[in-house]
Amino acid sequence: MPELPEVEITRRQIEPLLVGRKIRRVETTKPSYFFLTPPALLAKKLVGRRITALERLGKYLIARLDDGSRLLLHLGMTGQLFGSGVSSVRLLSAARRSALAPEAQPAFEPDLHTHLRLYFADRGPVVLFRDVRKFGKCGLLPRDGADERLEKLGVDALSARGEDLFKAAALRKIPIKTLLLDQSVIAGVGNIYADEALFLAGVLPTRPAKRVTLPECKAIVKAAKRVMRRSIATGGSSISDYIQPDGRDGGYQDERRVYAREGEPCRACRTKIRRVVLGGRSTHFCPRCQP
DNA sequence: ACCGCACCCTGAGCGC
DNA sequence: TGCGCTCAGGGTGCGG
């Protein structure tokens, strides 16, 4: 679910709930493919540590700990990171939602999808990491330990240049959209913002990467930064699961130009938006604005 | 090296 | 009501 804008908003809002605080207790669900570090070991290593910083690299969050180790977090498709006490219907199953009185806003109670709970020495707000599909990741990187996931990330999308994309595009016949999703080229771009950026740049997503010119690559990267900055400003895209850590919905879903708008009129020319599948991902474009 | 595809997992929404 | 199917903001690992 979350792409760079959603992860950056999460970073900004969770930072004050983490940085400077000392972990008193850790609760997890049972071992699963969500945990890069076995949860019992993770809990043992985290207790007593103080968090000194929260950084973002592409779609990864990295919490620095006072012993030099780092807690690596990835939200995957359905990950939600928030403080205790928030309430949102997006934290409830459809069954629980419909059973609820329209006005009711009960505070979230940790459920079977809440894989990580951090309790702090100051007895203040608890930090919760919930992830229904478990495509998210949670693991501890030892002090001085490199991580190949982070090592192979390309330049962060917010500081990327057109040349970065153009260089990677050389000799590649994959669709430009697929290349945009490659985190080892530009980190942070996901399915929504790739489609939105290509629309704004006027480039057809199916075009073979090697046939995209440098000026077009510059336009694509510029457009990607523009939609992402705008998304951050509006709180991100709340389409199915994403909420801001404070429980509020984002607002960027209302500004989408092509993503998940198949059959609806293009906001620029009224042509019907089309959908194709590229690299196994839904891809949306306007056949007239993106020739 | 590159490319396409299956797979990891759970739930919502649809047609019948 | 219920079943079976498709789809979903991501990433990895496998064959050809």
Side-chain angles (χ1 to χ4, degrees), chain A residues 1-10 29-36 57-61 72-81 89-98 111-115 130-139 147-154 157 168-197 206 208-210 224 227-228 231-232 234-244 249-256 258-262 275-284:
Chain A
M1 95 210 254
E3 308 181 28
L4 185 151
E6 291 75 25
V7 178
E8 177 59 19
I9 293 160
T10 299
T29 50
K30 66 178 169 60
S32 73
Y33 130 130
F34 173 86
F35 291 102
L36 299 172
L57 230 51
K59 300 174 196 170
Y60 286 91
L61 287 173
L72 187 67
L73 304 170
H74 193 292
L75 300 179
M77 289 277 264
T78 51
Q80 299 160 317
L81 196 55
V89 292
R90 293 184 196 276
L91 293 169
L92 271 33
S93 68
R96 295 227 21 224
R97 246 182 252 194
S98 57
D111 59 1
L112 78 163
H113 302 303
T114 309
H115 303 297
R130 182 174 186 266
D131 183 3
V132 171
R133 287 177 76 182
K134 290 190 280 203
F135 287 173
K137 290 281 173 283
C138 180
D147 182 79
E148 68 175 39
R149 295 161 201 272
L150 299 181
E151 301 283 311
K152 69 183 180 195
L153 287 181
L171 306 178
R172 306 290 299 274
K173 59 182 228 181
I174 55 169
I176 186 66
K177 153 84 181 275
T178 304
L179 190 67
L180 259 185
L181 292 179
D182 184 340
Q183 302 298 297
S184 71
V185 178
I186 295 178
V189 183
N191 211 28
I192 296 177
Y193 302 106
D195 283 3
E196 297 296 311
T206 54
K210 63 183 177 184
V227 294
M228 288 186 164
S231 180
I232 291 171
T234 58
S237 295
S238 289
I239 292 174
S240 75
D241 300 278
Y242 175 75
I243 52 166
Q244 299 180 65
D249 273 9
Y252 196 76
Q253 64 279 3
D254 300 330
E255 300 191 16
R256 281 169 300 137
V258 289
Y259 182 81
R261 294 194 64 244
E262 182 186 15
R275 171 184 179 271
V276 295
V277 175
L278 294 181
R281 316 295 302 279
S282 267
T283 300
H284 315 77

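A note on names: the letters A, B, ... follow the listed sequences, proteins ahead of strands, and every chain is numbered from 1.
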Would you say the side-chain atoms of A:Arg133 and A:Thr78 include a donor-acceptor pair closer than 3.5 Å?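 No, A:Thr78 and A:Arg133 have no side-chain donor paired with an acceptor closer than 3.5 Å.
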Are side-chain N/O atoms of A:Tyr242 and A:Glu3 paired as donor and acceptor at under 3.5 Å? no
Pairing partner of C:dT6 (Watson-Crick or G-U wobble, both distances under 3.5 Å): B:dA12
Length of the line joining [X]:[atom1] and [N]:[atom2], which is rounded to integer Å:
X: A:Leu179; N: B:dC3; atom1: CG; atom2: P; answer: 9 Å
X: A:Glu151; N: C:dG11; atom1: CD; atom2: P; answer: 17 Å
X: A:Gln183; N: C:dT12; atom1: CD; atom2: C1'; answer: 13 Å
X: A:Leu72; N: C:dG11; atom1: CG; atom2: P; answer: 12 Å
X: A:Arg90; N: B:dG11; atom1: CZ; atom2: P; answer: 17 Å
X: A:Lys137; N: C:dG13; atom1: NZ; atom2: C1'; answer: 13 Å
X: A:Leu181; N: B:dG4; atom1: CG; atom2: P; answer: 13 Å
X: A:Leu92; N: B:dA12; atom1: CG; atom2: C1'; answer: 14 Å

Scan [X] against the nucleic acid and name what it touches under 4.0 Å (heavy atoms): base, sugar-phosphate only, or nothing.
X: A:Lys173; value: sugar-phosphate
X: A:Tyr259; value: sugar-phosphate
X: A:Ser93; value: sugar-phosphate
X: A:Ile174; value: sugar-phosphate
X: A:Gly280; value: nothing

Residue closer to the 5' end of DNA chain B, A:Ala95 versus A:Tyr33 (nearest nucleotide):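 The answer here is A:Tyr33.
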Could you say whether A:Gly279 or A:Leu112 is positioned toward the 5' end of DNA chain B, judged by the nucleotide with the nearest heavy atom to each? A:Gly279
Quantified in whole Å, what is the [atom1] atom distance between nucleotide [N] and nucleotide [M]?
N: B:dA6; M: C:dT6; atom1: P; result: 13 Å
N: C:dC3; M: B:dC9; atom1: P; result: 23 Å
N: B:dA12; M: C:dG11; atom1: C1'; result: 23 Å

Earlier contact from the 5' end, DNA chain C, for A:Glu148 and A:Arg133: A:Arg133
Determine the interplanar angle of the A:Tyr259 and A:His284 rings, folded into 0 to 90°, and report it as parallel if under 30°, tilted if 30 to 60°, perpendicular if over 60°.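 Plane angle over 60°, so perpendicular.
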Fit a plane to each ring of A:His115 and A:Phe34, take the angle between them on a 0 to 90° scale, and name the class: parallel (under 30°), tilted (30 to 60°) or perpendicular (over 60°). tilted
What closest approach, in Å, do A:Leu91 and A:Asp111 show between heavy atoms, and which atom pair accounts for it? O-OD2, 4.5 Å
Correct closest heavy-atom pair for A:Lys59 and A:Leu4 would be CG-N, 4.2 Å
Output yes when at least one side-chain N/O atom of [X] is less than 4.0 Å from OP1 or OP2 of [N], else no.
X: A:Ser282; N: C:dA8; value: yes
X: A:His113; N: B:dT10; value: no
X: A:Lys134; N: B:dT10; value: yes
X: A:Arg275; N: C:dA8; value: yes
X: A:Arg149; N: C:dG11; value: no

Of the candidate nucleotides B:dC9, B:dC2, C:dT12, which contains the atom at the shortest distance from the side chain of A:Arg172?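 Side chain of A:Arg172 sits closest to B:dC2.
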